[in-house]
Amino acid sequence: MSKTNYRAKMADTILDSPKGTIIFGVITVLFGLLFGFVLTGNTEPVSRNDALVYEGEFEKYREGRNSSTLCFADGSEYELYPHTLEEEVAERLESLPKGTRLYLLVNPNTYYVAELRTESEEILNFEATQKEIDDYQIGYTVTGIVVALGGVLLIVYGFATRKHEKEQSDKKDVKKTS
């Protein structure tokens, strides 16, 4: 049996039963709320005064598939928000000499670096980084709302189907007794 047939069969099984549709709708609403609000809840921008301050001697820049990390001589490590890293920033960090003094402002809600400076230049701008993080999270919130609304529609559909089936059953019972 192909995966497509299995998925179609599973969807049909859930949607054929009003009870299954309602339960699936409730799960979908919960998933949408989790995705849209709980997982993105602490990403709001902070003021410069509320940011955590760190100053240290640069050791290395480590870039992974979905993460970028600044490593310091004292063993401290700070993550960079992946969607704020333009190509120029990554290239600048890769070419940064070991031992360079770096000054960071870190968002205490996300623990991502919000500003990155050397003594002579700004590599990441505080306001721009905060805006980028906030804008990106809005997409997750919108997606979560759409998924939750889809769940609400499934619940309404499940109740409507259940009511229709009950009416049909009542009509059959009336005809049998007549």
Q. Can Tyr81 be reached from Val46 by stepping across I, L, V, M, F, W or Y side chains whose heavy atoms are under 4.5 Å apart?
A. no
(Q) Do Glu79 and Thr69 pair up side chain to side chain, a donor and an acceptor below 3.5 Å, judged on atom types alone? (A) yes
Q: Take Leu80 and Leu124, measure what side-chain contact (heavy atoms from CB on, under 4.5 Å) needs, and give me the verdict at the end.
A: CA-CA 10 Å; Leu80 297 160; Leu124 274 179; 3.6 Å; yes
Q: Could you list the residues that satisfy salt bridge (Lys or Arg N to Asp or Glu O under 4.0 Å) with Lys131, not counting sequence neighbours?
A: Asp135
Q: Could you tell me whether the side chain of Tyr78 reaches within less than 4.5 Å of the side chain of Phe72, counting heavy atoms only?
A: yes
Q: Answer yes or no: does atom CD of Glu55 have more than 12 heavy-atom neighbours from other residues, nucleotides or ligands under 6.0 Å?
A: yes
Q: Can you establish whether the number of heavy atoms outside Phe31 located under 6.0 Å from its atom CZ is more than 12?
A: no
Q) Is any side-chain N of the basic residue among Glu115 and Arg117 closer than 4.0 Å to the acidic one's carboxylate O? A) yes
Q: Say whether Asn49 and Ser47, considering side chains only, have a donor N or O and an acceptor N or O under 3.5 Å apart.
A: no
Q.
Just to verify, what does Glu167 make a side chain to side chain donor-acceptor pair (under 3.5 Å) with, not counting sequence neighbours?
A. none
(Q) Which residues pass the side chain to side chain donor-acceptor pair (under 3.5 Å) test with Glu165, not counting sequence neighbours? (A) none
(Q) What I want to check is whether the side chains of Ser68 and Tyr61 have a donor and an acceptor closer together than 3.5 Å. (A) yes
Q: Look at the side-chain heavy atoms of Ile, Leu, Val, Met, Phe, Trp and Tyr, link any pair under 4.5 Å apart, and say whether Leu96 and Leu104 land in one connected group.
A: yes
Q | Cluster check Ile145, Val26: I/L/V/M/F/W/Y, side chain < 4.5 angstrom | A | yes
Q) Considering residues at least two apart in sequence or located in another chain, which fulfil the side chain to side chain donor-acceptor pair (under 3.5 Å) criterion with Gln168? A) none
Q. Is there a side-chain contact between Leu52 and Tyr111 (heavy atoms, below 4.5 Å)?
A. yes
Q: Look up atom OG1 in Thr118 and atom CG in Leu116, then write down how far apart they are to the nearest 0.5 Å.
A: 8.0 Å
**Q.** Glu57/Lys98 under salt bridge (charged side-chain N to carboxylate O under 4.0 Å, His left out): CA gap, chis, key distance, verdict
**A.** CA-CA 8 Å; Glu57 189 177 298; Lys98 187 176 179 178; over 6 Å; no
Q: Check the pair Thr21 / Thr161 against side-chain contact (heavy atoms from CB on, under 4.5 Å), numbers first and verdict last.
A: CA-CA 9 Å; Thr21 303; Thr161 304; over 6 Å; no
Q. Taking side chain as C-beta onward, heavy atoms only, is Leu105 less than 4.5 Å from Thr129?
A. no
Q) Counting only heavy atoms not in Phe24, do more than 12 sit closer than 6.0 Å to its CZ atom? A) no
Q.
Would you say CZ of Arg92 has more than 12 non-hydrogen atoms from neighbouring residues, nucleotides or ligands within 6.0 angstrom?
A. yes
Q: Can you sort out the partners of Thr100 under side chain to side chain donor-acceptor pair (under 3.5 Å), two or more places apart, ordered by chain and number?
A: none
Q: Measure from NZ or CZ of Arg48 to the centre of the six-membered ring of Phe126 and say whether it is under 6.0 Å with the direction within 45° of the ring axis.
A: yes
**Q.** Over all atoms of both residues, closest heavy-atom pair of Glu63 and Ala90
**A.** OE2-CB, 4.3 Å
Q: Taking the side chain as every heavy atom from C-beta outward, state whether Leu70 and Leu93 have any atom pair closer than 4.5 Å.
A: yes
Q: Side-chain contact test, heavy atoms from C-beta onward, threshold under 4.5 Å: evaluate it for Tyr54 versus Asp74 and give yes or no.
A: yes
Show me the side-chain donor-acceptor pairs of residues 149-158 shorter than 3.5 Å, one per line, residues at least two apart or across chains.
none

